[in-house]
Every structure is written in structure tokens, then in C-alpha cells.
Number of protein chains: 2
Amino acid sequence: MANIYFTVTQTIAANDCNKPEEIDLSMATIKDVAQKAGVATSTVSRILSGKGEASKETKERVLQIVQELNYKPNALAKGLKEGKSNTIGLIVPNIRDLVFPAAIRGISDYLEKHGYTLVLVNTDDKIELEKLHINNLQNRAVDGFIISTAKKDSVHLLELKKKGVPIVLLLRHLGDTMDAIIVDNYQGGYNAIQYLIEKGHKKIAIVNGTMDLQLYRERYRGYVAALSEAGIEMDNNLVVHNVESWEDSLQAVKNLIERGGCPEAIFATSDPKALGVIRGLKDMNIKVPDDVSVIGFDNMDMAEMMDPPLTTVAQPFYKCGYMAAERLLRLIKSKRTLKPVVEELKTELLIRSSVKERP
Amino acid sequence: MANIYFTVTQTIAANDCNKPEEIDLSMATIKDVAQKAGVATSTVSRILSGKGEASKETKERVLQIVQELNYKPNALAKGLKEGKSNTIGLIVPNIRDLVFPAAIRGISDYLEKHGYTLVLVNTDDKIELEKLHINNLQNRAVDGFIISTAKKDSVHLLELKKKGVPIVLLLRHLGDTMDAIIVDNYQGGYNAIQYLIEKGHKKIAIVNGTMDLQLYRERYRGYVAALSEAGIEMDNNLVVHNVESWEDSLQAVKNLIERGGCPEAIFATSDPKALGVIRGLKDMNIKVPDDVSVIGFDNMDMAEMMDPPLTTVAQPFYKCGYMAAERLLRLIKSKRTLKPVVEELKTELLIRSSVKERP
DNA sequence: CTGAAAGCGCTTACAG
DNA sequence: CTGAAAGCGCTTACAG
């Protein structure tokens, strides 16, 4: 039997296009360098890490040979020895969500500068999957996590943190005990409404996301506050929560208008929702911004290409990612437990063409 | 001096919120399991890997203790020993390009199913950066690469492949010696134009990307072929190449119309370009699709939300990613060099509302 | 300034 | 069926 198998293998091999040729796929190791330089591996190691002294001559010789052999230390061995991998894990619900690419780029840029590597994982907001992945990544000796999936029931993250695993939350947060880089969602919502009011709008509707997420609660709070401060009475007929997708919001506007009549302006608490709202409006032959103004929240990469170009509360996604990575590396490198800090970045109202002054 | 420093440290430590508590951050090792089970580590290893025999009793006992201790093998050690890491590197120009998220999700989903991990790197299409990153990832013992940055001058990729490193190209390709998952760009372009012709259009313009990229050359070839086959004469005034961003295409349409007069339809060879084209048209008070029809290429996640919803040649991004991962794992696991295969997936014409029949 | 040795946590022949 | 030993490629005390 073994014989037959062998024969088959041979046959296929004979037909094969490129025979293996046995090039030096095997990378040079520290041993090769040491041997060629006539020193001990420990010496090479010391020279390369810059720790400890070494005579100028040996140093130069070793460096020379490192060049020649194109030697690069094996990160696995190094990681095993040092108990760290210079790798961090990024956990997002779904990379296809338009908010993530910019944030990821920010993370990636910072990490790259500091010799760290980024491992990406999607959870579809399923908590069991998330736990599995976290576990997995810990076995891979990931040095820390950036996590953008935190919800009210994310106790496992609290526990992880308690165990001393470096974690920073991104865009979502979980109370003061967890490091987080988030955005001032309250202020953002407030500013949006204030701007609408400034433009003469009074009957202002809100198409909001799930109240399970603090960020949507905050944006709503901003809406309420700005309205009340301007002495405009809240009208619950103008409020829709729990709108998820852009299709949802398409439906939401229609309901809204049936229920409460046509508002003068609509605050969509995310750009995709704004897109849906605008589409819904157009479907009903209502013009944006001539008949009703729309303001979004996000400033995702496409916002300025929309029709009309979307006036929106810009989140500094790139910066959030960048800072999250920065914070994480600090946590990782710190010898002692650092006091958690929740960094709240400012949003910026980006004025384009979807809001019009009321005559 | 040392003393002063010590004092300071102490003070801070005293103020610190959570004292270290020393929980068992140290994960259980195979040694712990072996000890507790009263067997050798090799036995544990064998049982866990399923290789070699083991008596039912010891097997059960060991598995039991693995549970108790929540033991997970250290991937670094395993990788070091086995010379592989179960990690693959993904190299893209920029994750913010709208074509990537879906593809990445496809890769990620396949990898996850097979116990592999995804490392992500951006190169901004800079070849030196790319080489650096590839080098880096090799030191991290990445088992193979999925690369979406191939251009005419990407000889370093050819060399890498020659050395036996498993690589598969994604969405771009580099001749028949490199495995690649791409899309039938010629057919896609051809179908787009054929559809426009079917709808009664004759004066059809093209707003195309850089001719450095084979994919744009192919889409153009499809345009030319479909036109000629229908007996429509080519008009160079209706052709614009080297349009990069959506702002470019905004400008491009304007020039186009000045030069060649208003076309009946425009083939934008990417969705962002279509977006720019439509905007440019609207700016000139030309209605889409009533005055001129527009067809795109990509079907990026936003295409159906555009105004009008974009008729476009859909690329199966998710599937491309998925298949690229699939192919790569085959290359990695295969003992002998596999003959390179360039898989060309079909595009699909997605009819929405940006093309109208000509009366 | 430099080397020998131990060890990080695994796996894989090799004995028995 | 099971264990002892070697080794993957590093780094880090420890001597000298």
C-alpha cells in the first residue's frame, strides 16, 4: 500500500512544472551569523539588541555578516523567549462597516511605526464568537487588544482587563475602568441640533440607532438638550430609535412623516442612516435640502460624494485608531497597572449642502 | 539617585487604583497538564494533536485536566518548533479603498474556519514599503501572502514566489507564473457596453483608470470590442484614461463634454469614478439617467445607496477574498510546488436605475 | 568585552 | 501505549 502511494507521488512529481531546486528558503539563523563571525550567539544577540557592550571590531564584523546573510531574527523564537509577540489583536464587529477602514488605518500606521503587527478579527457582534477569538489570540501571545465591540453585556472584557491583559476600547466604551478612545457623542449631537436651530429649523426629527449602545444614547441626549435649551418642545412623534441599516431608515422616514407630518429637518445619527433618510425623502418627492434639511453623524469616507454632499458631525476615526494604538502600546510597555483613562475626542461639524437656511 | 527613584515609584504605586493582585496571568503550559495528569508532556502533546495512540483512560484524564486548567497550546512555541505560524499576511495598498473591506471579510472568514490568523498591512502602493513589510512578515514566520498591490514593476513578487514562498495575488495579477484570483475584466467591460447598446445608446464615452493596471486595460478592451462588434465607430473624443479619484472624474466629464459634446451614456470603470461622473453631470444640470446614462464597475457596498442607484458591473469581492485564502492554504499545505493557476471569476451586470432606455 | 549554559513551550523521532 | 531527550531560534543571567 505504502508502495503504491509512493509510485503515484512519483508520477505526479515527474509531471510537475518547476522542480523544487532547493534554494536557501531556510533563513539564516543567529547561529549562522555567530559561526561565520567566529563569536558566540549571545554576542550577536547583544550587538543586535544594543544591550551590553561589544568591542568596535566585533560589532562591525557581526553587523557586516548580518548584512551579507540578510539575517533577520525569528520573531517566533524571540516572542517565545520574551513572552511577547509584538502583535496586537483588533476586534471589530464587521470590517465592512464604513466606520472602520479609517480607524484601522490609524491603528495600522501607529503600530507600524513602532514595530508592531496587526491581527484582525470580525465578530459580527456575537459575544460567543468574540470570546473564542480573544482566547485564540491570547494563545498566539498577542500582547494586547483594541476592541470595538463593547456592549452593556460585555463582562468578559471587564474580566480580561482584571487579569491584566492590556485592552483599549475603540469608539465604544464600558465605564471608567476600561481604557477607551471615544468621541464626544453628546456634544456632537448637541452641535448638530444647535446648527439646525441656528438655520431656522424648529420641527426637528431624529432617526437614531439602538439605545443599547451608549453612543446612540449620548447623541440622543445631545438632541434633547439642544432642543430644550432653545425652548423648543420635544415631540415624541419626531423621534425614532433602533434604526439599524440604511433600509431601516428609509422606512423610518416614511413612518415619521405619516405620524408627525413633515419635519423641517432630520438628524440622522449615522451617515448610512442619513443616506437612507435622504433616499426615503426623495422617494416621496421631498427635496433635500430645499424641503427638508438632513444632517448626519460620522463623516464616513463617502459623505462628501453623496447627493447632496452631506453636512455631518465628523468623527475623527483615523485619529481615534491612532490614539487607541498609542494608548495600547503604553499599557503594554508599562511595568505597573496604569490608571484607566477614557479619552473623549471632539467631533467637528462639517458643513456641506444638505442643510439649508429656513427663510 | 537610585534611592530617590525608588521612593517616587513607591509613592505612585501607593496611589495606584488596582494593585497587581498577581492572578494567574501565566497560562497553563503543557508541563502543568502533564504533571497534574502524571504523564509525560509528549503524551499530552500526542493526545492533543490526535497523532499516535493513547489508552482511553489516559486520554480521558488528560483531556479532563486540559479542560480544568483551560490549557491552550502556546502558538509561538508550536510555530517555532514546526516552522510555521498559521498566520498569513495580507498586503493591500490602502484599506480605505472601498473595494477591500468585502474582500478582506472573505479572506478572514475562510482563514478563521481553518485556524489561520490574518495580519494586515498597507503599502500605499509604495514598492519600497512593500518590500520592507514583506520582509518583516517573513521574520514573523508568516506562512504565506495574499497580495493586492501587483503592478508591472513588481518583480520582487516574482522573486519571492521563486524562492518558494506561497503567494496568491488578489484582484490584480502578474502573468501566468503567479497564482491569482481575479475577475474577468474584459468580459465585464464588454457586458457593460453591450447592455448600453441594447438600451439604444450609441455615443458611449468611457472614463477609465490608469493604463498601468491590467484591469483597466482589460475593461477598456471590452469597451472597444463591444463597440466594434456592434459596428459603432470608436471616437477618441469619448475616451479618457488615467482618471484616479472621484474628483478626477468630476473634472473628466466636464472636459469630455467640452471636447466631444454630450454623450448618451458613460461607462465609468469603477464605482467611485461613476460617482464623480454623476456629480459632474448634475453640476452641469444634466440629468442621470434621463439625459445621459451612467454605468459603473465594482458594486462596492454603497452602490445601491447612490442616487440614482447605480447600475454597475459587480465584482464578487467577498468571493475573491475567500477563494484567495482557499488557494493560499492549498499552496501552504502542499508538499510540492503546485502549478500556478489564475482563476478568473465572472462579473455580474447589476441593473439598477442609472441607465435608461433610449426612446 | 565575550562565551557557555539554561530555558521559553512546544513536537517529534526514538526507545522501550 | 508511554517516556526521556533533543531541538526549534532566540535571550538573559552568570562567569570569567
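Quantities reported herein were computed from a predicted structural model and do not represent experimental measurements. Letters A, B, ... mirror the listed sequences (proteins, then strands); counts begin at 1.
With hydrogens and angles ignored, the 3.5 Å screen pairs no side-chain donor or acceptor of D176(A) with any backbone N or O of V341(A).
Screening L120(A), N122(A), V119(A), T149(A) against I91(A) for a side chain to side chain contact (heavy atoms under 4.5 Å, CB included) leaves a single residue, T149(A).
Stem list for DNA chain D (at least 3 consecutive Watson-Crick or G-U pairs, distances under 3.5 Å): C:1-3 with D:14-16, C:5-12 with D:5-12, C:14-16 with D:1-3.
In this structure, L48(B) places its CG atom 12 Å from P of dT12(C), rounding to the nearest Å.
Enclosure of atom NZ in K31(B) is not indicated, since only 12 or fewer non-hydrogen atoms of other residues, nucleotides or ligands lie within 6.0 angstrom.
Here the CZ-CD1 distance, from R61(A) to I47(A), works out to 8.5 Å after rounding to the nearest 0.5 Å.
Within the 4.5 Å cutoff, the side chain of L48(B) has heavy atoms near those of the V66(B) side chain. Counting heavy atoms from C-beta outward, K36(A) and E68(A) have side chains that approach closer than 4.5 Å. Side-chain contact check for F145(B) versus I134(B): some heavy-atom pair is nearer than 4.5 Å. Contact check for R330(B) versus V168(B): no side-chain heavy atoms found under the 4.5 Å cut-off.
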- Task: Spell out protein contact along nucleotides 3-10 of chain C as letters: B when the base is contacted, S when just the sugar-phosphate is, - when no protein heavy atom is under 4.0 Å; keep the 5' to 3' order.
- Result: BB--BBBB

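The shortest distance between the side-chain N/O atoms of S49(B) and the OP1/OP2 oxygens of dT11(C) is not below 4.0 Å.
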